Amino acid sequence: MHPKNIDSIAILDFGSQYAKLIARRVREANVYCELFPYTSSSQEVMALEPKGIILSGGPASVYEQNSPRIPDYVFDSKTPILGICYGMQALTHQLGGKVTPASKREYGSAIVKVHMDNSLLSPPEMEVWMSHGDKIDKPPDGYETIASSENSPYVAIADFENKRFGIQFHPEVLHTPRGAEILKAFVADICGAKQSWTPPSIIEDALERIRDQVGDHQVIAGVSGGVDSSVAATLVHRAVGDQLTCIFIDTGMMRAGEAEEVVETFKQILGSKLIAVNAAESFLEALSRINDPEKKRKIIGEKFIRHFEEVAAQVSDVQYLVQGTIYPDVVESSAPDRTISARIKTHHNVGGLPSDMKFTLVEPLRYLFKDEVRKLGTALGMPDNVIWRQPFPGPGLAVRCLGEITLARLETLRQADKIVVDELGQANLLKEATAQAFAVLLPVKTVGVMGDQRTYGHTIAVRAVTSEDFMTADWARLPYDVLARISNRIVNEVAGINRVVYDISSKPPATIEWE
């Protein structure tokens with residue numbers, strides 16, 4: 001369900017790798033927005049009552065057979081429209097303009113010249129990021145040219161009367177330095193959307209929705225100590241007080257010392273009712289000889305809920321389960337028939353839950369990005385060590401222990417991971433230089449030499465990334481001396497490891513986690 005009494009923007013996704021970034025930039029302008037596949041029905045999209053509609057880029061060409069089309073309801077809505085790249089081309093094509101293959105593909109940085117004062121772009125020129133193979137040869141009737149580049153005479157066009165705009169470049173990426181200003185100008189100035197999507201308004205809306213949803217019933221929350229589950233539980237506790245019972249299921253997949261930290265946080269700091277259950281043996285047995293990452297996630301999701309059901313029997317009238325699902329989880333786990341993008345993986349908070357689950361989910365963070373969750377936590381007065389805790393996947397170390405899950409392999413990974421975190425912390429690199437950092441145990445053995453003897457030991461991969469929103473990420477350029485200390489300590493202190501490698505893959509094409 002959408003937030004109440006909040007102005008919104010709808011974004012139609014035509015398959016762009018940057019579509020999620022458009023949503024981030026709009027949210028940064030303190031305007032609420034949601035991302036929809038272009039195939040979504042008018043009922044779904046217009047239920048948002050959008051003040052404006054943004055059309056994303058995409059890989060198709062408008063002159064190809066069965067290329068994506070802008071739905072009729074977009075034009076019928078009479079709301080302002082901003083077409084970006086393919087969105088601009090589709091807008092042009094469907095309104096009678098002409099789109100043709102460009103003689104020279106335009107990809108990368110470019111300078112565009114703005115020809116007139118207008119409400120979207122500021123003259124006289126600006127640096128932008130291009131990524132297209134087609135170009136506009138003739139704008140639709142009623143459209144004026146407001147910007148051009150050396151390769152494209154119609155980089156930006158506008159129908160000022162109907163508040164419809166098209167831009168060939170991508171304002172959502174950081175390579176367009178003033179891109180955030182452009183999107184803000186569209187949503188706030190042209191669409192007139194109030195910039196009221198702020199932590200206080202989000203909290204107020206969330207508390208009202210939680211109370212409306214759960215009524216007088218008892219609620220349980222699965223907590224792991226991570227920022228998402230902690231903020232979700234804190235919101236629900238703020239809304240319904242002692243109706244909430246927090247449950248910590250120790251799956252045996254936690255990092256070193258985390259189980260104790262979770263109990264301390266929720267009992268002593270947040271003052272929530274907490275039931276802690278040590279179920280490590282049960283999870284290990286269920287995961288025995290399971291190597292496939294999707295099976296691991298589904299097994300953990302199933303076991304997780306079943307243990308919840310057992311504990312819930314101790315609490316009367318439990319109908320609701322709090323989950324820390326956030327917007328990237330929802331977007332990345334969308335079924336293939338609901339989105340242009342293929343499903344990347346099943347998130348524990350979304351696709352790993354059993355179909356016969358006995359609880360109704362309460363997901364107060366479902367439409368928030370990670371940085372928005374942290375801002376919310378700060379506004380709720382939560383401690384920094386919880387808000388800035390390194391992100392941790394729902395299945396825990398199970399998806400960082402590639403191959404078979406055993407107690408011995410988990411202990412090896414725990415030791416290596418603690419060394420990574422400790423060394424980065426001592427170098428003041430955990431919060432400022434990395435958004436997420438961890439160790440991965442590979443099912444790979446390599447030859448080594450230790451103490452003048454041949455060894456055949458296991459391999460640890462170190463992963464550290466920088467990211468604004470976790471939808472995209474880049475590998476962290478850690479100092480060589482820090483990497484050297486991490487490697488030296490792991491090889492010397494963790495039995496059975498004789499090789500350490502550093503992951504220099506970005507997202508995309510890789511994901512942050514290895515499984």
Side-chain angles (χ1 to χ4, degrees), residues 1-4 6-13 15-38 40 44-45 47-48 50 54 56 172 180 183 187 193 196-199 201-203 205-206 209-210 226-236 322-335 338-353 361-380 387 391-394 435-436 467-473 507-508 511-513:
M1 296 184 63
H2 315 297
K4 299 177 182 179
I6 296 285
D7 286 350
S8 304
I9 299 293
I11 303 168
L12 294 193
D13 181 11
S16 171
Q17 61 178 317
Y18 301 134
K20 304 173 194 70
L21 289 179
I22 301 174
R24 281 300 307 117
R25 301 297 171 249
V26 173
R27 296 278 187 93
E28 287 171 359
N30 298 123
V31 175
Y32 181 75
C33 65
E34 284 186 33
L35 189 61
F36 298 91
Y38 80 93
S40 298
E44 289 178 279
V45 176
L48 195 63
I54 298 177
S56 85
E172 67 272 26
L183 288 171
V187 301
S196 54
W197 184 245
T198 60
S201 69
I202 297 170
I203 291 172
D205 180 79
R209 288 181 176 279
I210 293 165
V227 62
D228 299 336
S229 65
S230 297
V231 172
T234 301
L235 263 177
V236 176
V322 180
Q323 285 253 299
T325 309
I326 63 174
Y327 203 37
D329 298 342
V330 176
V331 173
E332 290 193 357
S333 297
S334 297
R338 292 285 297 117
T339 183
I340 307 308
S341 305
R343 181 171 60 199
I344 298 170
K345 61 187 174 185
T346 299
H347 277 268
H348 172 59
N349 285 346
V350 181
L353 300 176
L361 290 181
V362 178
E363 299 175 301
L365 312 179
R366 187 175 179 85
Y367 293 104
L368 300 183
F369 287 95
K370 178 72 75 174
D371 61 318
E372 292 175 314
V373 173
R374 288 199 167 107
K375 290 176 183 176
L376 213 63
T378 298
L380 288 166
I387 295 170
F392 197 50
Q436 195 167 354
S467 179
E468 287 188 351
D469 48 33
F470 293 88
M471 304 302 294
T472 61
K507 174 188 180 181
T511 55
I512 294 176
E513 299 290 343

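Just so it is clear, the structure is predicted and the values come from calculations on it, not from any experiment.
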Quiz item: Can you name the side chain to side chain donor-acceptor pair (under 3.5 Å) partners of D205, sequence neighbours left out?
Solution: R209
Quiz item: Quick check: does any side chain N or O of S201 sit under 3.5 Å from a backbone N or O of S196, one acting as donor and the other as acceptor?
Solution: yes
Quiz item: So, does S467 use its side chain to make a donor-acceptor pair with the main chain of T472 at under 3.5 Å?
Solution: yes
Can you tell me how far [atom2] of [Y] sits from [atom1] of [X], rounded to the nearest 0.5 angstrom?
{"X": "L368", "Y": "Y32", "atom1": "CG", "atom2": "OH", "result": "8.0 Å"}
{"X": "L21", "Y": "E28", "atom1": "CG", "atom2": "CD", "result": "9.0 Å"}
{"X": "Q436", "Y": "E513", "atom1": "CD", "atom2": "CD", "result": "5.5 Å"}
{"X": "S56", "Y": "I11", "atom1": "OG", "atom2": "CD1", "result": "8.5 Å"}
{"X": "L361", "Y": "Q323", "atom1": "CG", "atom2": "CD", "result": "5.5 Å"}
{"X": "C33", "Y": "Y327", "atom1": "SG", "atom2": "OH", "result": "7.0 Å"}

Practice problem: Check salt bridge (Lys or Arg N to Asp or Glu O under 4.0 Å) between R27 and all other residues, then give those that pass, not counting sequence neighbours. | Solution: E372
Contact summary for [X] and [Y], nearest pair of heavy atoms:
{"X": "L365", "Y": "D228", "result": "CD1-O, 3.2 Å"}
{"X": "T378", "Y": "I387", "result": "N-CD1, 3.4 Å"}
{"X": "P364", "Y": "V322", "result": "CD-CG1, 4.4 Å"}
{"X": "V45", "Y": "A10", "result": "CG1-CB, 3.8 Å"}
{"X": "L235", "Y": "L376", "result": "CD1-CD2, 3.7 Å"}

Quiz item: Is there a side chain to side chain contact (heavy atoms under 4.5 Å, CB included) between I54 and L183 once you walk through the steps?
Solution: CA-CA 10 Å; I54 298 177; L183 288 171; 4.3 Å; yes
Quiz item: For W197 and V26, what are the C-alpha separation, side-chain angles and deciding distance, and is it a side chain to side chain contact (heavy atoms under 4.5 Å, CB included)?
Solution: CA-CA 10 Å; W197 184 245; V26 173; over 6 Å; no
Quiz prompt | Which residues share a side chain to side chain contact (heavy atoms under 4.5 Å, CB included) with A379, sequence neighbours left out | solution = P199, I203
Quiz prompt | Basic-acidic side-chain contact under 4.0 Å: K20, D13 | solution = no
